[in-house]
Number of protein chains: 2
Amino acid sequence: MKRVTIYDISEILNISPSTVSRALNDSPSVKTKTKEKIIEVAKQLNYFHNKTASRLKTGKNNTVGIIVPYINHSIFSAIIQVIEEILAPLGYIILICQTYEKTVNEIKHIQSLLTNQVECIFVSVTMETINYDHFKKVTSAGIPLIFFDRKADIENVSSVILNDFKSAYKATEHLIEQGCKRIAHFKGNQNLEIYRNRYDGYLKALKDYKIPVDPDLIISCKSSIEEGKRAFNELYNANISLDAIFSPNDHAILGAYQEIKNYNIKVPEEIALVGFSNEIFTKYIEIPITTVFQNPELMGTKAAKFFLEQTNKETTDITHKNEIIEGTLLVRASSKKR
Amino acid sequence: MKRVTIYDISEILNISPSTVSRALNDSPSVKTKTKEKIIEVAKQLNYFHNKTASRLKTGKNNTVGIIVPYINHSIFSAIIQVIEEILAPLGYIILICQTYEKTVNEIKHIQSLLTNQVECIFVSVTMETINYDHFKKVTSAGIPLIFFDRKADIENVSSVILNDFKSAYKATEHLIEQGCKRIAHFKGNQNLEIYRNRYDGYLKALKDYKIPVDPDLIISCKSSIEEGKRAFNELYNANISLDAIFSPNDHAILGAYQEIKNYNIKVPEEIALVGFSNEIFTKYIEIPITTVFQNPELMGTKAAKFFLEQTNKETTDITHKNEIIEGTLLVRASSKKR
DNA sequence: TTGTATGCGTTATCAC
DNA sequence: GTGATAACGCATACAA
């Protein structure tokens with residue numbers, strides 16, 4: 001099937017292609033009468049604007065990319081939604097990419113977004129990523145790079161992240177205030193700044209409240225239900241006494257909860273639980289799980305604003321912004337001892 | 001910042017742009033030596049391929065669009081993932097669009113995908129949609145339109161949907177086998193074929209088992225937690241006796257469950273519950289909820305295959321396929337009376 | 001194996 | 001108000 005172009009319209013009406021183009025772009029310098037005729041014929045021919053050609057000509061692409069680990073994790077889908085709500089009305093197309101926490105996918109997506117000439121790339125980096133060369137390619141091409149939630153430590157980028165340290169501190173402090181003294185931590189991948197900060201927040205709270213740090217209570221654990229099960233079982237089988245777990249993600253704490261239930265251990269009386277991210281299931285589980293709300297709406301809004309500020313600026317020297325927003329501890333049954 | 005083009009490379013090396021183009025496309029008709037030189041310079045200049053230009057020239061866009069109500073609903077995120085896994089390795093870019101169940105968004109996205117010259121559009125239609133003109137635009141432009149899970153009843157399209165009737169029948173039958181006789185139904189929006197079919201499956205099972213249909217037990221209810229709460233409360237406040245609820249979606253049954261718990265009614269002893277879609281929370285809730293698994297992986301695979309078959313075919317006359325796949329009832333505690 | 005010429009569909013810059 | 005022309009960056013038919 002042959003594509004309908006402005007030439008087809010111009011031939012039918014004996015009007016030049018430029019006028020057709022102007023009319024379809026609703027240019028004020030075209031007579032209303034001719035405009036109407038043109039639009040009428042366009043409709044009849046089932047014409048639609050070829051953005052590819054227009055992009056090539058204008059150099060304006062009106063496309064941005066968003067790269068996240070998983071689109072169905074509550075924080076990411078919420079952030080995508082907000083960015084969409086802000087940019088779509090301005091005519092932007094949003095390319096959503098998933099890495100599934102694999103650096104190879106991240107590299108591929110960056111490459112693909114660059115060849116697609118996007119105007120901005122929003123990224124929440126993979127847990128795996130330690131080399132940042134692919135990100136540097138973006139900035140050195142002069143394309144704004146904006147990190148959200150998880151950032152890479154490189155120059156010339158903007159970022160919106162959570163105060164993970166303080167949020168983790170508050171979570172741990174809360175457990176301490178409930179009377180917990182043997183608080184285990186599911187230590188996340190330390191490649192990731194967020195997990196380093198959450199770990200540090202945990203340590204600092206213990207220190208401030210003069211609770212000794214016991215290495216036995218700190219166990220490496222990835223963000224998945226299975227890993228949470230494994231981690232808890234390791235503690236359990238090693239006969240390590242504990243009265244609370246602070247996990248830097250909700251999936252692992254859910255896994256732990258499943259096992260705790262299997263062993264008929266009481267939550268929160270015997271073991272109190274705190275997670276991180278406010279995944280939907282934390283609210284609807286038998287014993288709702290205390291968790292940290294990361295305010296994804298605010299994060300997404302700020303990220304989108306950063307892009308708009310940069311792109312609307314006439315000057316070439318871009319100012320990069322780094323914003324840290326505060327998390328909110330949602331205290332639920334899993335940690336309320338009193 | 002000026003864009004680097006193949007002309008920049010060609011000037012530096014005193015080689016024609018066509019050779020540069022060929023080299024970058026790894027054409028076998030370029031000497032390895034020149035190829036290496038070209039790639040080297042391209043890297044130095046931080047050149048990246050301009051897909052916009054290439055698309056315009058070749059007419060090959062390598063882009064498909066997927067339109068879903070919500071990206072974070074389990075069935076949709078799973079389907080997106082599969083389609084991605086199949087098409088990305090073949091070089092396709094996937095434009096993911098969310099309608100949030102609004103027809104206006106659906107229309108906008110279709111329009112946008114058409115102007116973006118996508119090669120195929122995969123759609124799961126909105127609950128609201130009753131007019132199909134925007135879909136007809138797609139087919140009349142000669143672009144393959146493939147429905148999954150929820151389809152619109154128009155010509156020249158392919159589709160992969162669930163056997164909703166049979167799945168609902170099995171769900172209801174299961175409740176009957178558990179001894180339930182007063183089975184309520186949260187009747188979904190009847191615009192949508194899936195909800196009509198699930199309703200019909202419910203009715204047919206009652207009929208086959210000679211259980212009278214009581215209109216009092218059938219209550220209209222949208223797919224949300226709040227709506228589920230409202231629906232249950234209406235039944236409860238009207239003093240309508242019931243021993244089971246079959247909801248054609250998981251969100252409403254979760255809402256109902258919350259209220260049931262508030263009233264201290266026992267699940268499944270006093271009221272048995274069955275939902276639909278296998279949302280993640282149905283598994284991890286206090287009393288895991290029986291639900292229908294829709295096999296999204298299979299759905300996505302079939303949909304992607306349909307597209308590939310159509311697009312690889314030389315002939316212009318396209319054969320449209322309509323496939324119905326079977327659901328699986330996942331029996332869990334919420335309905336096991338014996 | 002490489003170079004020349006042309007066009008994809010649009011829009012911007014002139015000119016009229 | 002409208003028309004002619006060139007150009008965006010690339011790929012390809014054809015020539016050499």
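Here the structure is a predicted model, which means the values were calculated and not measured. First the proteins, then the strands, lettered A, B, ... as listed; each starts at 1.
The pair E309(B)-K321(B) meets the salt-bridge criterion, since a charged nitrogen lies less than 4.0 angstrom from a carboxylate oxygen. K137(B) and E106(B) are not joined by a salt bridge, as no carboxylate oxygen comes within less than 4.0 angstrom of a charged side-chain nitrogen.
Rounded to a whole Å, the CD atom of E11(A) is 14 Å from the P atom of dG3(D). Whole-Å rounding puts the K37(A) NZ to dG1(D) P distance at 14 Å. Rounded to whole Å, the distance from CG on L13(B) to P on dT1(C) is 18 Å. One atom, CZ of R3(A), and another, C1' of dC8(C), lie 10 Å apart when rounded to the nearest Å. Put simply, CG on N14(B) is 11 Å from P on dT4(C), counting in whole angstrom units. As a whole-Å value, the separation of L56(A) CG from dA12(C) C1' is 13 Å. If you take CD1 of I9(A) and P of dT2(D), they are 15 Å apart, rounded to a whole angstrom. Between the CD1 atom of I15(B) and the C1' atom of dT1(C) there is a distance of 11 Å, rounded to whole Å.
If you check every strand for non-hydrogen atoms under 4.0 Å, T34(A) touches sugar and phosphate atoms only.
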Would you tabulate the pairs of protein nitrogen or oxygen atoms and nucleotide nitrogen or oxygen atoms of nucleotides 10-13 of chain D closer than 3.5 angstrom?
| unit_1 | atom_1 | unit_2 | atom_2 | d |
| --- | --- | --- | --- | --- |
| dC10(D) | OP1 | Y47(B) | OH | 2.6 |
| dC10(D) | OP2 | I6(B) | N | 2.7 |
| dC10(D) | N4 | Y7(B) | OH | 3.0 |
| dA11(D) | OP1 | N25(B) | ND2 | 3.4 |
| dA11(D) | OP1 | H49(B) | NE2 | 3.0 |
| dA11(D) | OP2 | S21(B) | OG | 2.7 |
| dA11(D) | OP2 | N25(B) | ND2 | 3.2 |

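Within 6.0 Å of atom NZ in K35(A), more than 12 heavy atoms from other residues, nucleotides or ligands are found, so the atom counts as buried in its surroundings. In the displayed structure, K31(A) atom NZ is contacted under 6.0 Å by at most 12 heavy atoms of other residues, nucleotides or ligands.
Under 3.5 Å, the side chains of R55(A) and N116(A) contain no donor-acceptor pair of N or O atoms. Inspection of the S77(A) and N72(B) side chains reveals an N or O donor paired with an N or O acceptor under 3.5 Å.
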